[in-house]
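Sequence lines set the chain letters: A, B, ... in the order given, protein chains first and strands last, and positions in each chain run from 1.
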There are 2 protein chains.
Amino acid sequence: MANPERSTELLWGSRTRGGLSLDRIVRTAVELADAEGLGAVSMRRLADRLGFTTMALYRHVPGKAVLVALMYDAALAGWGAVPGPDPETSTDTGPGSDATPGPDANPGSGAGSVTSPDPGADWRADLAAWARGGLDVHRRHPWLADAEDPRRVPGPNAVAAFERALEITARTGLPPAEVVAAASLVSGVVAGAAQRSAAEARAERGSGVGFEEWWGRRDSLYAHLDRYPTLSRLYREGAYDAPPDSFDYGLERTLDGIEARIRDVVRYEKACEVCGRPVADGPAGRPRAYCSAACRQRAYRHRRRTEA
Amino acid sequence: MANPERSTELLWGSRTRGGLSLDRIVRTAVELADAEGLGAVSMRRLADRLGFTTMALYRHVPGKAVLVALMYDAALAGWGAVPGPDPETSTDTGPGSDATPGPDANPGSGAGSVTSPDPGADWRADLAAWARGGLDVHRRHPWLADAEDPRRVPGPNAVAAFERALEITARTGLPPAEVVAAASLVSGVVAGAAQRSAAEARAERGSGVGFEEWWGRRDSLYAHLDRYPTLSRLYREGAYDAPPDSFDYGLERTLDGIEARIRDVVRYEKACEVCGRPVADGPAGRPRAYCSAACRQRAYRHRRRTEA
DNA sequence: AATGGCATGTCTACAGCGTACACATCGGGT
DNA sequence: ACCCGATGTGTACGCTGTAGACATGCCATT
């Protein structure tokens, strides 16, 4: 050990300064991405910011794809939380701060929960709140949309978020496959809005010009649009003067659609009195009790026998 | 001209072989992207395929961003077309083949069109067909999702497609701003589904393993999922056995939502019998005929006068 | 106490990307 | 005859992710 500086540092320096660690890497990467976008997170820049060389990162992370996966789940911390009335809300960042509130502290799936006595009530408000929460998360971490990957193994935070959506959606009484489909649909609405919002934010930062101003200067484009009758009629009628927020509109329409679907399908949630298979009522008339003529006949014979 | 080869070529070679041209570049780029994804379209590879050097491309295109914009609009050719019963359907490819069917050959916005006598009828079927057409386009060009850009100037094909969606949606009788919002919403559903489909396709090609198989091997993930009660209950109940197609489900729910919105809002489309301004019915009760008490009183006085 | 092995960090190098810049060639108008 | 713009070529720069060889320090075993 010919270097006394190094000795001094090791002997007297703050002990925690030294090690690179997975947590520090991921946390710093998330900060970098929050500030400058996922594109700004290169291994070199990240290493620089951490005060190490590029290749040091590879001692803790096998490659960039995995790093992004870790960032992704870290950023999703808290989305799955039940919004309860407790004041502590901002427990977000960091893969180390185990913000995942253990799904087992569950919001009353089995025994009746105290706060909301009726099981199916207010799924719509809760699902809307969940969606808005997701949009908030995406607004805090605009790069999330760029980090999407259909083959990514979901982490605890991602699963917790989806579990929460399923728990809410399940209260609608829709059949299981549709619960998943509906929750996924709303999740997709959130992801789509987040993507548009993030892309616009990036464009604005990249060009230095705001949305309104940029599109206001496209006169050479608008000159061509007279040829499209519906488009120009709608424009003349003020369709673009005060457009509704596209996320709100999409979310409300989607929830309307799910609501309509519930009206159509919940009556299918009845079991055949004989064989237990689901019974689909007709579009009108007296509700059916049996799934088929065979079962009805079987029930009839059974009744005859026991009554006799 | 010391080079006799060059002379021979110029004198005897096929005349059209020579020039690089914007059309050829864009067409070839689209082919390349169709076959190997947008990521495979680098200026070097594209130039190689065309038999020129990289920098030759820059004599025709200012940069890659513009090239992608040209590819994008070229790939959208045909989406805006009215699906009339004519057998010629596959007029898709190429920025040169002016496939845009001139929006002025319009589908009966003004005078009553012959084929569909009732104006509002079947907006739902038409909009669904438009959405499916869009998904088809995206399936033929899976890279379209990667080429999205909120600040891109739309080309004629993109505008034609949106015009078609607006034309259909306008038949619902929704107010102008909502026509745009609803059409955009459906467009977003298409884009979202296309994105998921493309990402999955790329993952499949990249890993060489199909969706089912890949997720079937994630046992080490599923081992963790017991902790999530709703998720595992739904799984046990078979929610994942025969999942509905996510695009179909999302599209139908979205159209349901628009339908519900029409029921809620179309009654607002009535004009005050006195001043002509729009009259909003209350949430219940007898429909209003006047926009204000003042107008009602004016109408009453007018009636008294004319009857007397 | 010495030693071997492993974890950690560093350095150099490579293939790929978009594109700026200097240069060669050719056709057409002054 | 001359020049000039359009077109195509070749080289080079800075950026990316990461493979591979090398140095160092700590821990467990001998």
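In terms of the side chain to side chain contact (heavy atoms under 4.5 Å, CB included) criterion, residue partners of B/Glu148 (sequence neighbours excluded) are, by chain and number, B/Tyr72. Under the side chain to side chain contact (heavy atoms under 4.5 Å, CB included) criterion, A/Pro244 pairs with A/Tyr249, B/Ala177, B/Ala181, sequence neighbours left out. The side chain to side chain contact (heavy atoms under 4.5 Å, CB included) check on B/Ser184 picks up B/Phe162, B/Val180, with sequence neighbours excluded. Residues that satisfy the side chain to side chain contact (heavy atoms under 4.5 Å, CB included) test with B/Ala193, not counting sequence neighbours, are B/Leu135, B/Arg196, B/Phe247.
Regarding contacts with the backbone of D/dG8, a side-chain N or O of B/His60 is found under 4.0 angstrom from either OP1 or OP2.
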Considering only distance and modelled atom types, tabulate donor-acceptor pairs under 3.5 Å from the side chains of residues 208-218 of chain A, sequence neighbours left out.
| unit_1 | atom_1 | unit_2 | atom_2 | d |
| --- | --- | --- | --- | --- |
| A/Glu213 | OE2 | A/Arg217 | NH2 | 2.1 |
| A/Arg218 | NH1 | A/Trp214 | O | 2.9 |

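In this structure, the CG atom of B/Leu50 is 11 Å from the P atom of D/dT9, given to the nearest Å. Rounded to an integer number of Å, the gap from CZ of A/Arg59 to C1' of D/dA19 is 11 Å. The distance between atom CG of B/Leu57 and atom C1' of D/dA6, rounded to the nearest whole Å, is 16 Å. Atom CG in B/Asp48 sits roughly 11 Å away from atom P in D/dT9 (whole-Å rounding).
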- Item | Under 4.0 Å protein heavy-atom contact, by nucleotide of nucleotides 12-19 of chain C - B base, S sugar-phosphate only | -----BBB
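For the pair B/Tyr228 and A/Pro156, the tightest heavy-atom approach, listed with the atom from each and the gap, is OH-O, 3.5 Å.
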